[in-house]
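Report on the following structure.
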Amino acid sequence: MEIENVKEELLKDIENIDSLNNLNELKIKYLGKKGLITQLNSEIKNIPNEEKKEYGQKVNELRNIFNSFYEEKLKYFKEEELNRKLESEKIDVTLPSTRVKRGSKHPLNRTIEQIEDLFISMGYEVVDGPELETDEFCFERLNLPEGHPARDMQDSFYITDKYLLRTQTSAVQARTMLKYNGSKPIRMICIGKTYRREDDATHSHQFNQVEGLVIDKKENHVSLADLKGTLEVFMKKMLGENTRLRFRPSYFPFTEPSYEVDCSCFKCGGKGCNLCKQTGWIEVLGSGIVHPNVLKMNGYDPEEWGGFAFGTGIDRLAMFKYGIPDMRYLYTNDVRFLNQFDRKDV
Ligand code: DAH
């Protein structure tokens, strides 16, 4: 077999390569185990010594011709294949889409977002606290020492003697005061889940509360008037601009004086109906001026600082707002109920 003949054949074959398959066959034909170049290479042992060098060079030259052709074509075919793929898998973004059902916001979350937006707009900070709370923060630091009768109103789920599922977001008041170290004014709300051992149409063992706390220097006179104004804005926003508020003296261990706040019944406008039990009023909030003991226990000097606090159940607000008759609907995940809220926010 002559080198020149193989070269001629190779140059001719090269002309006809038009696919990756061809190219691979070509490689077998020339460089495979019995390939033509491979054979030429093994011939070298039969070549007289003085011709070996020239012969070797020629075979190498042939191999180089093959290799450079092979590399170039391989690259070319791979690119071509990729381009073909890109072309055939192209996505037409202008085609109309298939509609995906996206679900809807839960009425509780709608209510929570509205409350957060409102208070943020009034300069409040939204803070968070743990749901698994210590007796210390849930009760003691709020002026409810062990054995205090007011603890009975909040029968809870105790995990150990010390830990319980918090019965009120008021626990976060103490946490926030300690965080601010008695040195800065506070204007915060905290929204979160709370737990009590009760379960009927208007109570669930798990519910949500929003807690508000405002503390400032005494000379800035944060007063009952500020509390009233704030709660009026809050309730009008939630239940309608015609809502009127009524403050009734009440008792909470962490405030003094304390007030229970009623809203004019949004169903009958205050005339009296089955919702408001013919009174024209619906009880919605607990509030008051922060008790000096609570300030003191949590690092704020009551001689220097003062303010107000309030707390309310969000589930009840959502029920009033959306006309939901049973609190348990909020938690049972019935899609027939949830679908009713599949609408755009106003
Ligand atoms: N934590 C009270 C409750 O769960 C509500 C409440 C009353 C919160 C008065 C307050 C407050 O911050 O000042 O019934």
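As the structure lists them, so they are numbered: ligands from 1, and atoms in each ligand from 1. Quantities reported herein were computed from a predicted structural model and do not represent experimental measurements.
Proximity of Ala309 to ligand 1, defined as any heavy-atom pair under 4.0 Å, is shared by backbone and side chain alike. Neither the backbone nor the side chain of Phe308 comes within 4.0 Å of ligand 1, counting heavy atoms alone.
The shortest N or O to N or O distance between Thr167 and ligand 1 is not below 3.5 Å. For the pair Phe310 and ligand 1, the shortest N or O to N or O distance falls below 3.5 Å.
Among protein heavy atoms, atom 12 (O) of ligand 1 sits closest to Glu211 OE2, 2.5 Å. In terms of protein heavy-atom proximity, atom 2 (C) of ligand 1 is nearest to Gln168 OE1, 3.7 Å. Residue, atom and distance of the protein heavy atom nearest to atom 11 (C) of ligand 1 are Phe254 CE1, 3.6 Å.
The cationic group of Arg328 does not satisfy the cation-pi geometry with Tyr331, failing either the under 6.0 Å distance to the six-membered ring centre or the 45° limit from the ring axis. In this structure, Arg248 forms no cation-pi arrangement with Tyr259, as its terminal cationic atom is not both closer than 6.0 Å to the ring centre and no more than 45° off the ring axis. In this structure, Lys218 fails the cation-pi test against Trp305, since its NZ or CZ atom is not both closer than 6.0 Å to the six-membered ring centre and inside 45 degrees of the ring normal.
The atoms of ligand 1 that sit less than 4.0 Å from any heavy atom of Phe252 are 7 (C), 9 (C). Close contacts of ligand 1 with Thr255, meaning ligand atoms under 4.0 Å from a residue heavy atom, involve 13 (O). Ligand-side atoms of ligand 1 in range of Gln173: 12 (O), range being under 4.0 angstrom from any heavy atom. The distance from ligand 1 to the heavy atoms of Gly286 drops below 4.0 Å at these ligand atoms: 6 (C), 7 (C), 9 (C), 11 (C). Set against the non-hydrogen atoms of Ser170, the atoms of ligand 1 under 4.0 Å away are 1 (N), 8 (C).
When all heavy atoms are compared, the tightest approach of Pro145 to Glu140 is CA-CG, 4.3 Å.
In Asn242, the CG atom is not crowded: 12 or fewer heavy atoms of neighbouring residues, nucleotides or ligands sit closer than 6.0 Å. More than 12 heavy atoms of other residues, nucleotides or ligands lie within 6.0 Å of CD in Glu50, so this atom counts as buried by the packing criterion.
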Under the criterion salt bridge (charged side-chain N to carboxylate O under 4.0 Å, His left out), I'd like the reasoning laid out for Glu87 against Lys90: C-alpha separation, chi angles, the key distance, then a yes or no. CA-CA 5 Å; Glu87 189 62 30; Lys90 202 158 70 176; 3.6 Å; yes
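Using 4.0 Å as the threshold, Met153 has no heavy atom nearer than that to any atom of ligand 1. Look at Arg196 and you'll find a heavy atom under 4.0 Å from some atom of ligand 1.
When ring centroids are compared, Tyr163 and Tyr158 stay outside the 6.0 Å threshold.
When each of Lys73, Lys7, Lys29 is paired with Asp13, the salt bridge (charged side-chain N to carboxylate O under 4.0 Å, His left out) condition holds for Lys29 and for no other.
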